[in-house]
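Everything below concerns the one structure shown next.
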2 protein chains.
Amino acid sequence: MARLAGVSRATVSYVLNNTRAVRISEPTRRRVHEAARELGYVPHAAARSLRAGHSRMVLIPAPSVPAGRLYGRFLHELQWALGRLDYTVVQHGTIGLPGDEAARAWAELRPVAVLVPGTGLGPQGVAVLKRSGARAVVTVGPEAVEGAHALLMDHASVGHQAGAHLYERGRRRIGVVVPEESGLDMFSRPRLEGVRRALDGTDGSVTELPLGYDEDSAARLAARWRGLGLDAVFAYNDEYAMLLMRALQDAGISIPEETAVIGADDLMLGRLLRPRLSTVHIDLPSGRDLAELVDRAVRDPGAPLERHPALGARVVHREST
Amino acid sequence: MARLAGVSRATVSYVLNNTRAVRISEPTRRRVHEAARELGYVPHAAARSLRAGHSRMVLIPAPSVPAGRLYGRFLHELQWALGRLDYTVVQHGTIGLPGDEAARAWAELRPVAVLVPGTGLGPQGVAVLKRSGARAVVTVGPEAVEGAHALLMDHASVGHQAGAHLYERGRRRIGVVVPEESGLDMFSRPRLEGVRRALDGTDGSVTELPLGYDEDSAARLAARWRGLGLDAVFAYNDEYAMLLMRALQDAGISIPEETAVIGADDLMLGRLLRPRLSTVHIDLPSGRDLAELVDRAVRDPGAPLERHPALGARVVHREST
DNA sequence: TTGAAAGCGCTACCAA
DNA sequence: TTGGTAGCGCTTTCAA
């Protein structure tokens with residue numbers, strides 16, 4: 001930069017980085033700072049990390065569907081916590097590359113850590129990332145991946161809680177909404193499976209109900225409701241639950257007498273309906289905890305891989321069941 | 001990399017980049033590709049863009065509050081569209097740095113374009129970014145910033161539409177909810193101002209109503225509602241509107257007879273309430289359009305700055321007003 | 001206290 | 001058709 005501002009590039013580096021191993025005279029410091037301000041000099045992160053051989057970048061692939069309430073808040077908290085630990089968080093918008101191929105794209109940025117929600121990253125992908133210098137790979141999803149730390153989030157437990165609750169309340173013919181919106185399979189499949197498991201070996205039965213997130217689709221489902229002979233429904237989440245509950249009520253089906261309805265996510269809005277919506281509350285790990293896991297892993301890449309169950313699910317019983 | 005795999009680094013570069021100016025024999029290509037796969041070689045993006053002098057990175061600062069439905073979808077669409085144009089989208093989690101300081105942090109990454117939502121970036125910041133090589137800076141907010149392209153999103157028009165609608169329907173004493181949650185001022189202030197402007201010079205009046213996003217806060221407001229003597233309320237958005245409407249109904253206030261309620265954002269859930277929630281529908285530009293604006297600006301940085309009004313607001317009249 | 005120079009991984013030019 | 005090499009901006013070691 002401003003070697004036109006009197007000194008050598010080395011000196012500039014010393015001054016701007018406050019290198020303690022080297023003493024620079026006050027007048028020189030001042031001149032450097034002044035020149036930097038004047039020229040609007042900003043160091044070049046790529047050059048720096050190229051030289052250093054590592055970065056402080058934590059890469060998180062952007063979700064392939066717009067993040068929901070819960071995940072959005074979680075991500076935000078995480079970002080903040082990592083920032084406090086002096087990491088730079090980068091959400092990388094991977095278009096549609098499948099798992100291990102996406103890993104290559106991420107690896108090009110040479111992040112110090114990668115945090116991958118969902119399935120799709122295999123042991124191959126983890127290996128690519130590690131070889132390219134990532135000191136920590138953390139997956140957040142239903143199962144651990146070889147070579148990576150894992151935050152185990154099994155959405156089946158959400159369905160399981162819902163199913164068990166409905167069964168306990170005396171319901172036997174249970175519908176499970178599966179959103180038609182693509183990209184949600186990741187959550188909806190395990191939730192459905194969880195309900196199945198909860199009812200396995202009992203006299204209860206499970207019926208899969210595809211549903212689009214619009215009033216028409218809900219009305220159509222409601223119109224054929226009595227034909228389905230269901231006495232309860234787990235509606236994937238609170239939003240679908242609200243939609244379906246309204247459609248059922250409009251079709252003259254009384255909630256919870258004729259059909260019990262339960263959602264998930266414990267949104268505030270669910271409490272506003274009448275009857276108030278029962279729901280499965282989901283506890284996500286705090287962003288701070290996850291940030292600390294990442295930091296630990298980065299500082300000591302040799303440490304044994306951690307795997308934490310990290311999704312707490314519990315029923316909040318209100319009036320709709 | 002694999003100069004241990006037989007050839008020179010230059011040849012590797014040629015092969016992997018499919019450099020057309022140079023012919024490489026088929027056997028050599030094969031050997032290079034094989035070695036690359038075997039070693040799990042991934043090019044180093046930083047080194048590449050250092051050498052090239054530019055990157056294809058579009059930087060978007062991550063929002064300081066978890067993104068809402070509308071913005072989340074917009075961002076997602078934008079990311080996809082930019083991806084199609086072969087840009088890499090990076091959301092940079094700037095912690096709490098104020099505007100122009102944050103610009104320096106962004107500039108370190110030498111993005112080819114920067115897309116900044118909200119206020120907070122000043123002409124200084126724009127200058128820093130451009131000097132550091134950004135070929136396009138696009139702000140998305142209420143007013144244009146010197147040196148940057150602008151997508152003009154004036155949330156005052158949202159409030160204005162709501163205010164005018166309520167006035168037309170014969171309402172005169174109008175409350176405006178202002179969320180207590182921090183980080184929302186960016187939107188709530190202009191919306192409030194818009195209502196004020198709509199009623200300016202009429203016999204209507206505007207009352208500011210702070211409200212937290214929880215049932216207690218809503219109940220407290222509802223309890224003192226009659227004392228406020230209002231006949232209508234614009235509730236910031238649909239979520240606050242749903243919350244408040246329920247609290248008012250629980251307090252025995254009839255909607256819309258005694259008090260009209262209108263929200264904003266046109267969420268699907270608002271249609272599920274009874275009475276159905278009137279709302280201000282907000283049209284955001286499509287992600288594709290914005291992506292094309294960015295691309296144009298990058299290809300021709302000399303072109304005159306574009307400024308587009310980009311927020312359409314129109315009332316969707318349902319039953320609550 | 002400061003400067004010269006090497007080298008991080010990559011690509012583009014020139015020579016072989 | 002391939003290889004050698006300079007140089008992108010930075011930090012760090014070594015010398016002055």
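Keep in mind that what you see is a predicted model, and the values were worked out from it rather than measured. Letters go in sequence order (proteins before strands), and every chain restarts at 1.
Nearer the 5' end of DNA chain D, as judged by each residue's closest nucleotide, is the contact made by B:Ala47, out of B:Ala47 and A:Ala52. When each of A:Ser25 and A:Leu50 is assigned the nucleotide of DNA chain C bearing its nearest heavy atom, the one mapping closer to the 5' terminus is A:Ser25.
Taking a 6.0 Å sphere around CZ of A:Arg135, one finds it holds more than 12 heavy atoms contributed by other residues, nucleotides or ligands. Around atom CD of A:Glu26, more than 12 heavy atoms belonging to other residues, nucleotides or ligands sit under 6.0 Å away. Atom CD of B:Glu108 has more than 12 neighbouring heavy atoms from other residues, nucleotides or ligands inside a 6.0 Å radius.
Regarding B:Glu108, its CD atom lies at a distance of 15 Å from the C1' atom of D:dT11, rounded to whole Å. Distance A:Glu26 CD to C:dT2 P: 11 Å, rounded to the nearest Å. A straight line from NE2 of A:His44 to P of C:dC10 spans 15 Å, rounded to a whole angstrom. Distance, B:Arg51 CZ to D:dC10 C1': 16 Å, rounded to whole Å. In this structure, A:Arg110 places its CZ atom 11 Å from C1' of C:dC10, rounding to the nearest Å. One can place CZ of B:Arg48 at 18 Å from C1' of D:dG9, the figure rounded to the nearest angstrom. The distance from atom CG of A:Asn17 to atom P of D:dT11 is 5 Å, rounded to the nearest whole Å. Between B:Arg30 atom CZ and D:dT1 atom C1' there is a gap of 16 Å when expressed in whole angstrom units.
Remark: B:Arg9 is not in phosphate contact with C:dT11, judged by side-chain N or O atoms under 4.0 Å from OP1 or OP2. A:Thr28 has a side-chain polar atom (N or O) that falls below the 4.0 Å cut-off from OP1 or OP2 of C:dT2. Listed pair B:Thr11 / D:dG3 meets the phosphate criterion, a side-chain N or O lying under 4.0 Å from OP1 or OP2. In terms of phosphate contacts, B:Ser49 brings no side-chain nitrogen or oxygen within less than 4.0 Å of OP1 or OP2 of C:dC10.
Evaluation of the salt bridge (charged side-chain N to carboxylate O under 4.0 Å, His left out) rule for A:Arg37 yields no partner, not counting sequence neighbours.
In this structure, the side chain of A:Arg30 does not engage the main chain of A:Ser25 through any donor-acceptor pair within 3.5 Å. A donor-acceptor pair under 3.5 Å links the side-chain atoms of B:Arg56 to the main chain of B:Leu85, judged by distance alone. Side chain of A:Asp154 to backbone of A:Ala156: a donor-acceptor contact under 3.5 angstrom is found.
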Would you list the protein and nucleotides 13-16 of chain D atom pairs, both N or O, that sit under 3.5 Å from each other?
| from | atom 1 | to | atom 2 | distance (Å) |
| --- | --- | --- | --- | --- |
| D:dT13 | O4 | A:Tyr14 | OH | 2.8 |

